[in-house]
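Working notes, structure below.
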Amino acid sequence: DVKVTQSSRYLVKRTGEKVFLECVQDMDHENMFWYRQDPGLGLRLIYFSYDVKMKEKGDIPEGYSVSREKKERFSLILESASTNQTSMYLCASSLRGTVSGANVLTFGAGSRLTVL
Amino acid sequence: AQSVTQLDSHVSVSEGTPVLLRCNYSSSYSPSLFWYVQHPNKGLQLLLKYTSAATLVKGINGFEAEFKKSETSFHLTKPSAHMSDAAEYFCVVTTNTGGFKTIFGAGTRLFVKA
């Protein structure tokens, strides 16, 4: 019954390393999102995508990039990891929104990244 | 501009007593409102959703929330807490302003005592 899968639950990386976080959804959703979750700050949007090869910056894109080559897959890339990127990263997907209201987000289980 | 304020960072209740998690929002447009729950080391799961239909919304696991436009509130309630309700709860606002904008509250951690 898994719908949004994040490939790595726990990662430990060193400062300056390149980090890839992979997310795959099997619901044929148009929209995909990457959030960062930190205690007391809720979820903050890093990047999102409304279609294949399309990407839009969220509220905190600095230090991150994304790739969406296929509809079901959305990757988050940290080109040079830094200690302040230690966090929980959550991927989500949704159907394209309608005029009656936004559609529900379906989340993956999260990837906890520690940068030493 | 839109914003979401969860009025309590932590709430502690005894098992079998009512739960109240408070959420106020600010939005210039008609919002869609959501509550999500996150159990430890898990992703977020939808509890319930309001999108301008009935103002009292029923969700999973006995939770419900009432949309009060005059008070700009969307508080989450449950008549009787269960140990399995211990988790973090997020109030979320989405508006369509030519593109959907979603804002998450900071979260309320619910503790349930035996």
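By convention in this document, chain letters (A, B, ...) are assigned in the order of the sequence lines, proteins followed by strands, and residues within each chain are numbered from 1.
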For [X], which atoms come within 4.5 Å of any heavy atom of chain B: side chain, backbone, both, or neither?
{"X": "A/L41", "value": "backbone"}
{"X": "A/Y10", "value": "side chain"}
{"X": "A/Q6", "value": "neither"}
{"X": "A/Y35", "value": "side chain"}

When hydrophobic residues are tied together by side-chain contacts of less than 4.5 Å, even through go-betweens, does [X] share a cluster with [Y]?
{"X": "B/V37", "Y": "B/L7", "result": "no"}
{"X": "A/Y47", "Y": "A/Y89", "result": "yes"}
{"X": "A/Y64", "Y": "A/L11", "result": "yes"}
{"X": "B/L44", "Y": "A/F33", "result": "yes"}
{"X": "A/F74", "Y": "A/V4", "result": "no"}

Top contributor to chain B interface from A/T106, A/D59, A/L105 [non-hydrogen pairs under 4.5 Å]: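 Of the options given, most contacts go to A/L105.
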Which region of B/Q38, side chain (C-beta onward) or backbone (N, CA, C, O), has a non-hydrogen atom less than 4.5 Å from a non-hydrogen atom of chain A, or is it both or neither?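 B/Q38 touches chain A through side-chain heavy atoms alone.
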Engaged part of B/Y36 at the chain A interface, taking heavy atoms whose separation is under 4.5 Å: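 Answer is side chain: those atoms of B/Y36 sit under 4.5 Å from chain A.
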Hey, can you pull the donor-acceptor pairs under 3.5 Å for the side chains in residues 16-25 of chain A, sequence neighbours left out?
unit_1, atom_1, unit_2, atom_2, d
A/E17, OE2, A/R14, N, 2.6
A/E22, OE1, A/S75, OG, 2.7
A/E22, OE2, A/S75, OG, 3.4
A/Q25, OE1, A/M27, N, 3.0
A/Q25, OE1, A/D28, N, 3.1
A/Q25, OE1, A/H29, N, 3.2
A/Q25, NE2, A/H29, O, 2.9
A/Q25, NE2, A/K71, O, 3.3

Heavy-atom donor-acceptor pair, A/R9 side chain to B/N41 backbone, under 3.5 Å: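 Looks like yes, one N/O pair under 3.5 Å.
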Give me the atom names and distance for the closest heavy-atom approach of A/G40 to B/A106.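 Scanning both residues, the minimum pair turns out to be O-CB, 3.5 Å.
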Output the distance between atom CD (A/Q37) and atom CZ (B/F104), rounded to the nearest 0.5 Å.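 CZ of B/F104 is found 9.0 Å from CD of A/Q37.
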Interatomic spacing from CZ in A/F107 to CG in B/L46 - rounded to 0.5 Å: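 If we round to the nearest 0.5 Å, A/F107:CZ and B/L46:CG are 10.0 Å apart.
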Within a reach of under 6.0 Å around CZ of A/R73, are more than 12 heavy atoms found that belong to other residues, nucleotides or ligands?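 Open: at most 12 neighbouring heavy atoms sit under 6.0 Å from CZ of A/R73.
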